[in-house]
Protein chains: 2
Amino acid sequence: MPYDPSAYPPFAVTVDLVVLTVRRHALCALVVRRGESPYEGRWALPGGFVQPKEGLAAAAARELEEETGLRVHESAGQSGGVHLEQLATYGDPDRDPRMRVVSVAHLVLAPDLPAPVSGGDAQTVRWAPVESLLSLEQEESREAADPALAFDHHRILADGVERARSKIEYSALATAFCPPEFTVGELRRVYEAVWGVALDPRNFHRKVTGTPGFLVPTGGTTTRQGGRPAQLFRAGGATLLNPPMLRPEV
Amino acid sequence: MPYDPSAYPPFAVTVDLVVLTVRRHALCALVVRRGESPYEGRWALPGGFVQPKEGLAAAAARELEEETGLRVHESAGQSGGVHLEQLATYGDPDRDPRMRVVSVAHLVLAPDLPAPVSGGDAQTVRWAPVESLLSLEQEESREAADPALAFDHHRILADGVERARSKIEYSALATAFCPPEFTVGELRRVYEAVWGVALDPRNFHRKVTGTPGFLVPTGGTTTRQGGRPAQLFRAGGATLLNPPMLRPEV
DNA sequence: CCAATAGTGTCTTTAAGACATTATTGA
DNA sequence: TCAATAATGTCTTAAAGACACTATTGG
């Protein structure tokens, strides 16, 4: 590639990850504690540099596996599979005090992990409820006990959460938060945790089982929620929901 | 910034623009003819390098003004104002044969320009119907009279068009294609051109005038479309439409 | 027995889609 | 006059939301 390298300004390109899951009825994001300056000791989104011969999505998948051990499904929209998509790119000239860094943020939706995050130190990697992560900075509580996220990661996280909230309306992505087999009630609790609202179990059941291609019954049942045994489902082939699941009005 | 510059791989960062407008009942995109290798003589999306101390949106706005003379409204969602938003980022290692280039694509929606594109040579900058730009490559007609777009710009254009098609469903962005004052019929023809479908004028009128905050009557009327004089409107303050305008089923 | 969750049905309201009709201009 | 477009109204159907009721487990 004989092309004048001085003719263009040099940038560093990174990927940052908004990794979301639902744990104990709450939407949680993966954060890592920074061990070096700047923002030493602060929580930040996982991420890292894109390698010279590596695509953006590949870099995001590699960082995800390095931080969490999670493997991304190649074919998108599979039941129980981890979902990864590009979110947005953040390139403010002052977003990193060290140098000019353009970060391509990615959104990851994963089912709740039975084991703690593998491949990471529990002291430096953890799941945190997005509500607490986002509310801290809104109150400008820079002096509070738990300080704000590093860099512009508050905005990136907010954008990722809003993307997830809106995408489960018209796509089948909510199943990415569920294990391979799940009940209608478990799926409803995913919607309730992501949206932060209570949904009518009866109307939800009617809607979700009436949307073609959304859910496929596996034949099995489970009582892991207590009460009457519930049918087990897996995600159907549909990626777009018609009619969509609509969030209750504000 | 004393930070080891050799510790990270160098990238070039560019912005590419998908500039859309509606002309003569057709959705059109701005393309420029390349004057140099690679892809010399091919049509491509306008774009260029991000400057060292320039934000991504600022770079997109600058390139837009350089290529077309269009100025972006600062406050988004204004009537008659040009709309600019980030679309997606394309960073395949092989997308540019000269070097590693990551391009942050932006989407621009503009009203039809009475004057031809200013600041550009008519031989090298033109509006082209997106249908013809997109259909060419689908047929793998590399040997056809009008060759395919340069680089991965076919995919970028397709993504931008799909973004515009879906966004006018649930947002008031369709007014960005209209002059500051417009009639319901003109707005309907925008929807018809972007979606490529025919809409019922009566139901459209009822929906669009019944959606709160979408349209504000200015009091004036016009007969520029022929027939009975039509009320003139400007865009209301609403950015999100509730209920949304839904595309007819496929 | 009771508590808890699953699943089905019914009613009301809202909105989409099909289509009739009247209104107001220019040629 | 007619052709063209604007604007309003009516009817049918689909779907959302509220809520009653029955079903099936564990304790």
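A note on names: the letters A, B, ... follow the listed sequences, proteins ahead of strands, and every chain is numbered from 1. All values derive from a computational prediction rather than experimental measurement.
In this entry the distance linking NZ of B/K207 with P of C/dT14 reads 15 Å, nearest Å. A/L246 places its CG atom 12 Å from the P atom of C/dA15, with the value rounded to the nearest Å. We find that CD of A/Q225 is positioned 11 Å from P of C/dG7, with the value rounded to whole Å. Per the geometry, CZ belonging to A/F233 stands 10 Å off C1' belonging to C/dA6, to the nearest Å. A/R206 places its CZ atom 14 Å from the P atom of C/dC11, with the value rounded to the nearest Å. If you take CG of A/D200 and C1' of C/dT8, they are 13 Å apart, rounded to a whole angstrom.
Considering every non-hydrogen atom in both B/A164 and B/L107, the closest pair reads N-CD2, 4.2 Å.
Side-chain atoms of A/S103 and A/D16 include a donor-acceptor pair closer than 3.5 Å. There is a side-chain donor-acceptor pair under 3.5 Å between A/D159 and A/Y90.
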*Would B/R71 and B/E65 count as a side chain to side chain contact (heavy atoms under 4.5 Å, CB included) if you check the C-alpha gap in whole Å, the side-chain angles of each, and the deciding distance to 0.1 Å?*
CA-CA 6 Å; B/R71 264 230 169 72; B/E65 189 168 355; 3.3 Å; yes
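Bracketed by its first and final contacts, the part of DNA chain D lying under 4.0 Å from non-hydrogen atoms of chain A reaches from D/dA16 to D/dT25 in 5' to 3' order.
For B/R228, whose side chain is taken as the heavy atoms from C-beta onward, the closest listed nucleotide among C/dA6, C/dT24, C/dG7 is C/dT24. Residue A/Q231 has its side chain nearest to C/dG7 when only C/dA16, C/dG17, C/dG7 are considered.
Of the possible polar contacts, none joining the A/T124 side chain to the A/V32 backbone as a donor-acceptor pair under 3.5 Å is found.
When heavy atoms are screened at a 4.0 angstrom cut-off, B/R188 is found touching the sugar-phosphate backbone but no base atom.
Between A/G227 and A/R202, the residue whose closest nucleotide on DNA chain C is further toward the 5' end is A/G227. Annotation: of the two residues near DNA chain D, B/T183 and B/N203, the 5′-most nearest-nucleotide partner is B/T183.
Applying the side-chain hydrogen bond (donor to acceptor under 3.5 Å, both in side chains) test to B/R206 and every residue at least two apart in sequence or in another chain returns B/N203. B/F204 meets the ring-ring contact (aromatic ring centres under 6.0 Å, His included) test with B/Y191; sequence neighbours excluded.
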